Amino acid sequence: MNTLLTTTSDTDTGLPKWQKPEKMAGRVVLLGLAGAAVYYWGVILPFLVDMVFDTVKLGIGLGSLFVLFLLATNKRIQAGLWYAGQRILRTAAGIFVNTDPIGVMEDYIRNTEKEARKMDAEVTNIEGAHELVKRKLAANDAQMKEYLALASSASRQGEKDMAESYASRAAQIQDYNQRLQPMATTTANVSVVMRQILKAALRQIDGSKFKVNLLKDEYALVKRTSSGMRAAMNILRGDPDKKYFFDLATDRVAQDMAQQLGQIKQAMRYSQEFVKEMDIQNGVMSEKGQALLTKYQKGDFNAVLNEKPQAPQSFSATKKASDDAYASLLD
């Protein structure tokens, strides 16, 4: 009985535990913990930092292991990485080598034009050399005529040695011209031939340019047409990957609908049985209520309650019963 009274008085105060007498001890303990934390902060902070960084490293390691697991088990990821690697290598190769077919042909034309310009410069050099040979031959002829005239004049004057000297020089010049004449003929022929080759190369370059421009336009039109047809085929045939997920989603929706329909049917069966049971109970209670109403209308209320009328109690008996009830509550 005393325990009941003490507990009731404590709960009736309505005060939280912090407002009770032991609050001073709690404050002291908290202040001690705070002081210890401030005093040992230099030890606690590195520990917290190491713990955070170790947790981050652990997360990175687990993520790396998960990625490796996916690479080892998922075929779709492996195929995607394979195609991505091929694309990266092809792009890297495209930095050094032109992989576009139209670009390859244009590079060939540019290289051919470069070689044609070099050939034109070489033909110009050969023609310049031919002009130099012609001028050299003409100068030698003039010099040879001059030496012959001097030799003739020295011979008329009786200077035999001088005449022989001039005649010898004229002979040397003649021999020089005879040796140089084939070179002049060769340079002339080579320059003519190279000019013809250069003209043919330039015509070929022009034809190649026309052909490449035509192919470029045709290729662009075919690519646009193919892109449109590819879009149409994607609509008609569908993307295999997206079609796969579409089929999975369709099957999942069908399964969910079937499950929900089954739950609805089961709920309808349960509700139907419950309604039937309630109808039966309501029918029984309605019959009982009708019978009780009939008895009540006849005035037989005590018969309806199936009780006998109680005799009235005295005031002293009522007071004694109340005191006994209160006494039993306090025990």
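Heads up: numbering here begins at 1 and tracks the sequence. Everything numeric in this text was worked out from a predicted model, so none of it was measured.
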*Donor-acceptor pair, side chain of Ser64 and main chain of Ile60, under 3.5 angstrom*: yes
*Spacing of CE belonging to Met105 relative to NZ belonging to Lys216, to within rounding of 0.5 Å*: 10.0 Å
*Is Asp120 reaching over with its side chain to a backbone N or O of Ala116, donor-acceptor style, under 3.5 angstrom?*
no
*Sequence-distant partners of Ser153, side chain to side chain donor-acceptor pair (under 3.5 Å), two or more places apart*: none
*Tell me whether Ile126 is reachable from Val193 by hopping between hydrophobic residues (I, L, V, M, F, W, Y) whose side-chain heavy atoms are closer than 4.5 Å.*
yes
*In one Ile/Leu/Val/Met/Phe/Trp/Tyr side-chain cluster, 4.5 Å: Leu132, Leu137*: no
*Going from OG1 on Thr124 to CE on Met194, what distance comes out if it is rounded to the nearest 0.5 angstrom?*
9.0 Å
*Taking all non-hydrogen atoms of both residues into account, name the closest pair between Ala163 and Ala154 and its distance.*
N-CB, 3.6 Å
_Arg179: partners by salt bridge (Lys or Arg N to Asp or Glu O under 4.0 Å), with sequence neighbours left out_ = Asp175
*Under 3.5 Å, is there a donor-acceptor pair linking the side chains of Arg195 and Ser191?*
no
_With rounding to the nearest 0.5 angstrom, report the CD to NZ distance, Gln181 to Lys134._
10.5 Å
*For Gln196 and Lys199, what are the C-alpha separation, side-chain angles and deciding distance, and is it a side-chain contact (heavy atoms from CB on, under 4.5 Å)?*
CA-CA 5 Å; Gln196 292 177 353; Lys199 289 180 182 180; 5.7 Å; no
*Starting at NZ of Lys57, measure out to CG of Asp50 and round the result to the nearest 0.5 Å.*
8.5 Å
_For the backbone of Asp161 and the side chain of Ser165, can you confirm whether one donor and one acceptor N or O come within less than 3.5 Å of each other?_
no
_Exceeds 12 heavy-atom contacts within 6.0 angstrom, atom CD of Glu131_ = yes
_Lys209 vs Glu113 side-chain heavy atoms within contact, under 4.5 Å_ = yes
*Which value, rounded to the nearest 0.5 Å, describes the distance between Asn140 atom CG and Gln172 atom CD?*
11.5 Å
*asked:* Between Ser168 and Glu164 (side chain of the first, backbone of the second, donor and acceptor by atom type, cut-off under 3.5 Å), is there such a pair?
replied: no
*If we only count heavy atoms from C-beta on, is the Gln259 to Gln263 side-chain gap below 4.5 Å?*
yes
*Going through the distances and angles, do Tyr147 and Gln143 end up as a side chain to side chain donor-acceptor pair (under 3.5 Å)?*
CA-CA 6 Å; Tyr147 283 151; Gln143 187 69 35; 3.0 Å; yes
*asked:* Just so I know, are the side chains of Asn111 and Glu115 near enough to count as touching, which here means a heavy-atom distance under 4.5 Å?
replied: no
*Identify whether Tyr176 and Met144 are in the same connected component of the hydrophobic contact network (ILVMFWY, side-chain heavy atoms under 4.5 Å).*
no
*Could you tell me the separation between the CD atom of Glu106 and the CG atom of Asn213, rounded to the nearest 0.5 Å?*
7.5 Å
*Treat each ILVMFWY residue as a node, draw an edge where side-chain heavy atoms are under 4.5 Å apart, and state whether Val123 and Val192 are in one component.*
no
*Hey, are the side chains of Gln260 and Met257 touching, using non-hydrogen atoms and a 4.5 Å cut-off?*
no
*What about Ile173 and Met183, same hydrophobic cluster or not, with Ile/Leu/Val/Met/Phe/Trp/Tyr joined at side-chain heavy-atom distances under 4.5 Å?*
no
